[in-house]
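The figures that follow rest on heavy atoms only: side chains count, while hydrogens, waters and symmetry mates do not.
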Amino acid sequence: MSKIRVRLGINSYNIYIGSGLLMQTARQLRENGFAGKLAIITNPIVKRLYGNALKQSLTREGFKVTVLPVPDGEEQKSLEVAGRLYNELTDFYSERTTPILALGGGVIGDLTGFVAATYLRGVPLIQIPTTLLAQVDSSIGGKVAVNHGQLKNKIGAFYQPRLVISDISTLKTLPTQEFNGGLAEVIKYGVIGDKEFFAYLETNLDRIKSLDERLLKEIVYRSAKIKAEIVEKDEKDLGLRNILNYGHTVGHAIESASDFKVEHGKAIALGMLAAGRISNKMGLLDKTELVRLKSLIQRADLTTELPRLEVAKIIQAMKHDKKILKGKVRFILAKALGSVFITDEVSLSLVERVLVNWNEET
Ligand code: NAD
Ligand code: GLY
């Protein structure tokens with residue numbers, strides 16, 4: 001088992017990463033001072049795969065456990081569902097010290113985090129992420145939220161978990177498409193924070209895709225470490241933390257312009273390539289590194305083909321996303337693999353040119 005300490009003063013916590021950790025949850029809880037009652041929020045898919053066994057093992061170890069299932073899907077991240085969960089927690093006589101365990105992907109993590117942050121003005125949150133995206137990204141750093149109308153992830157808080165338990169063996173049941181979506185974020189960490197990690201992914205991608213446990217543990221560990229270090233420096237997302245959005249400016253716009261028909265991971269992959277091409281055109285990322293980025297995205301079975309969408313619609317979506325100010329777009333650009341910076345100096349016309357000429361570009 002590997003451990004990462006996220007150092008945030010009194011809100012510091014540990015991330016544990018390893019194979020088979022789920023069944024050791026009782027020990028981790030006890031070591032972190034928890035006993036007695038606890039609630040698990042999960043969805044029916046994850047409950048069947050892991051939730052029932054987790055409940056049994058915690059019950060055997062003397063915990064009094066209730067499982068609160070929420071249907072699968074992004075639409076469950078809502079105030080209405082949070083409201084129902086508050087009632088169920090009250091029925092369970094959940095107290096301020098009763099921890100809530102978020103067992104599942106980013107949807108369960110964000111929703112449970114929001115409930116934990118607000119129920120009784122805050123109760124202990126334990127993240128037990130079961131998707132690659134959640135293990136490398138959403139369970140770390142304390143961004144918790146629900147959606148509301150047009151506001152995606154905008155009703156929320158910064159609320160750090162007390163503990164993150166990433167059992168990499170749960171990734172074995174993940175649908176390939178979800179695994180690849182998580183790989184987009186893993187590649188992102190190579191681009192934003194660690195050139196050597198990018199090269200490691202190039203060397204080992206095939207074994208990672210075959211779900212070799214040693215490599216899964218390594219990529220989750222290295223990604224989580226990069227994210228933890230960024231969060232430590234800018235917990236409230238006032239500056240540096242923005243670099244975690246590498247690829248998201250164009251990526252989100254593609255997702256939204258396609259009415260969310262383009263999956264998140266693929267949209268982010270396209271966004272990362274777009275940001276790479278823009279960087280190259282502005283005299284930053286060199287061609288060899290741009291080709292390496294494109295090739296890794298392709299090998300991860302993420303797409304580099306821009307779907308048939310009107311470029312104007314993508315630009316419009318960026319405007320709607322408020323990422324455009326006076327004809328300039330907020331971008332994370334790459335000087336080189338492993339080195340990025342935030343800038344407002346990207347002209348809309350350059351973004352348009354890259355999108356219009358997509359098939360002719362490197
Ligand atoms: P998800 O939570 O919808 O999970 C994807 C699918 O995998 C679901 O159908 C789920 O039931 C299933 N699943 C989960 N674990 C499984 C397992 N081990 N085996 C088989 N199936 C499993 O999607 P996600 O990609 O994990 O998360 C996306 C969400 O995360 C979005 O709502 C996004 O806004 C949020 N997010 C939050 C942050 C943050 O910092 N808080 C960062 C990135 C993304
Ligand atoms: N996923 C982006 C962040 O945590 O800031």
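Counted by atom type alone, Asn14 and Tyr16 present one or more donor-acceptor pairs between their side chains at under 3.5 Å. Inspection of the Tyr159 and Thr118 side chains reveals no N or O donor paired with an N or O acceptor under 3.5 Å. Side-chain atoms of Ser169 and Asp167 include a donor-acceptor pair closer than 3.5 Å. Side-chain contact of Glu178 with Thr131: a donor-acceptor pair under 3.5 Å is absent, judged by distance alone. Glu235 and Gln160 share a donor-acceptor pair across their side chains, judged by distance under 3.5 Å alone. Side-chain contact annotation: Thr42 with Tyr50, donor-acceptor N/O pair under 3.5 Å absent.
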*Take Asp234 and Arg241, measure what salt bridge (charged side-chain N to carboxylate O under 4.0 Å, His left out) needs, and give me the verdict at the end.*
CA-CA 6 Å; Asp234 179 22; Arg241 187 165 174 167; over 6 Å; no
* Decide yes or no on side-chain contact (heavy atoms from CB on, under 4.5 Å) for Met318 and Thr249, but give the supporting numbers first. => CA-CA 7 Å; Met318 271 190 231; Thr249 309; 4.2 Å; yes
Legend entry - Worked check of side-chain contact (heavy atoms from CB on, under 4.5 Å) between Tyr246 and Ile243: CA-CA 6 Å; Tyr246 179 78; Ile243 68 171; 6.0 Å; no
Before you tell me yes or no, could you show the steps for Lys294 and Ile297 under side-chain contact (heavy atoms from CB on, under 4.5 Å), namely the whole-Å CA-CA distance, both residues' side-chain angles and the distance that decides it to 0.1 Å? CA-CA 5 Å; Lys294 182 177 177 185; Ile297 289 172; 5.8 Å; no
Checklist entry - Given Val146 and Val81, is the side-chain contact (heavy atoms from CB on, under 4.5 Å) satisfied, shown in steps? => result CA-CA 9 Å; Val146 294; Val81 175; over 6 Å; no
- Give the C-alpha distance, both sets of side-chain angles, the deciding distance and a yes or no for salt bridge (charged side-chain N to carboxylate O under 4.0 Å, His left out) between Lys195 and Glu289. CA-CA 10 Å; Lys195 185 179 187 146; Glu289 295 204 322; 3.0 Å; yes
(message) Is there a salt bridge (charged side-chain N to carboxylate O under 4.0 Å, His left out) between Arg214 and Glu218? Walk through the geometry before answering.
(response) CA-CA 6 Å; Arg214 194 178 62 76; Glu218 183 70 12; over 6 Å; no
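Summarising the geometry of Arg292 relative to Glu202, their closest heavy-atom pair is NH2-OE1, 2.6 Å, with the distance given to 0.1 Å. The two atoms that bring Thr170 and Thr130 nearest to each other are OG1-CA, 3.6 Å, heavy atoms only. Scanning both residues, Ser256 and Ala317, for their nearest heavy atoms gives OG-CB, 3.8 Å. Of all the heavy atoms in Ile100 and Leu89, the pair that sits closest is CD1-CD1, 3.7 Å. Taking every heavy atom of both residues into account, Val164 and Pro129 meet most closely at CG1-CD, 3.9 Å. Across all non-hydrogen atoms, the minimal contact from Ile126 to Pro99 is CG1-CB, 4.1 Å.
Of the possible polar contacts, one joining the Asn32 side chain to the Gln28 backbone as a donor-acceptor pair under 3.5 Å is found. Under the 3.5 Å distance criterion, the side-chain polar atoms of Asn245 are left unmatched by any main-chain donor or acceptor of His248. With Lys188 contributing its side chain and Leu244 its backbone, the two residues share a donor-acceptor pair below 3.5 Å. Glu232 places a side-chain N or O within donor-acceptor distance of the main-chain N or O of Arg7, the cut-off being under 3.5 Å. Side chain of Ser166 to main chain of Ile17: no donor-acceptor pair is present (N/O by atom type, distance under 3.5 Å, no hydrogens or angles).
Screening Ile41, Leu22, Thr112 against Leu103 for a side-chain contact (heavy atoms from CB on, under 4.5 Å) leaves a single residue, Leu22.
Separation of atoms CD (Gln298) and CG (Leu293) is listed at 10.0 Å; rounding is to 0.5 Å. From Leu29, atom CG reaches atom CZ of Phe63 across 4.5 Å, with rounding to the nearest 0.5 Å. To the nearest 0.5 angstrom, Met1 atom CE is 9.0 Å from Ile165 atom CD1. Note that CG of Leu38 and OG1 of Thr25 are 9.5 Å apart. Values are rounded to the nearest 0.5 Å. Between Lys335 atom NZ and Asp286 atom CG the span is 14.5 Å, to the nearest 0.5 Å. Between the CD1 atom in Ile314 and the CD atom in Glu255 there is a gap of 12.0 Å [rounded to 0.5 Å].
Both Ile140 and Phe197 are part of a single hydrophobic cluster, where members link through side-chain heavy atoms under 4.5 Å apart. At a threshold of 4.5 Å between side-chain heavy atoms, the hydrophobic network of Ile, Leu, Val, Met, Phe, Trp and Tyr places Val136 and Val6 in one connected group. Clustering ILVMFWY residues whenever any of their side-chain heavy atoms sit less than 4.5 angstrom apart, transitively, puts Tyr86 in a cluster other than the one holding Val144. In the hydrophobic cluster analysis, where Ile, Leu, Val, Met, Phe, Trp and Tyr join through side-chain heavy atoms closer than 4.5 angstrom, Val191 is grouped together with Ile219. Under the 4.5 Å side-chain heavy-atom criterion for grouping Ile, Leu, Val, Met, Phe, Trp and Tyr, Val107 is not connected to Leu79 through any hydrophobic cluster.
With a 4.5 Å cut-off on side-chain heavy atoms, Leu333 and Val340 do not count as touching. Looking only at side-chain heavy atoms (C-beta outward), Leu8 and Tyr13 come within less than 4.5 Å of each other. Contact annotation: the side chain of Leu183 approaches that of Ile208 to within less than 4.5 Å [non-hydrogen atoms, C-beta and beyond]. Side-chain atoms of His252 and His264, non-hydrogen and from C-beta on, do get closer than 4.5 Å to each other. In this structure, the side chains of Asn153 and Phe114 stay at 4.5 Å or more apart for every pair of heavy atoms. Inter-residue side-chain proximity for Asp301 and Lys209 is flagged as met; some heavy-atom pair is nearer than 4.5 Å. Looking at heavy atoms from C-beta onward, Thr98 lies out of side-chain contact with Tyr93 at the 4.5 angstrom threshold. Side-chain contact between Ile332 and Phe341 is absent, with no heavy-atom pair separated by less than 4.5 Å.
Contacts of Glu196 classified as side-chain contact (heavy atoms from CB on, under 4.5 Å), with partners at least two apart in sequence or in another chain: Asp194, Arg222.
A salt bridge does not link Lys143 to Asp110: none of the charged nitrogens lies less than 4.0 Å from a carboxylate oxygen. For Arg27 and Glu31, the salt-bridge test passes: some basic side-chain N is under 4.0 Å from an acidic carboxylate O. Remark: Arg84 does not engage Glu80 in a salt bridge, criterion side-chain N to carboxylate O under 4.0 Å.
Taking the ring centre of Trp358 as origin, the terminal cationic atom of Arg353 falls outside the region bounded by 6.0 Å and 45° from the ring axis.
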Mind listing the side-chain donor-acceptor pairs of residues 65-76 below 3.5 Å, one per line with the distance, residues two or more places apart or on another chain?
unit_1: Asp72; atom_1: OD1; unit_2: Asn43; atom_2: ND2; d: 3.0
unit_1: Glu74; atom_1: OE2; unit_2: Asn147; atom_2: ND2; d: 2.8
unit_1: Glu74; atom_1: OE2; unit_2: Lys152; atom_2: NZ; d: 2.9

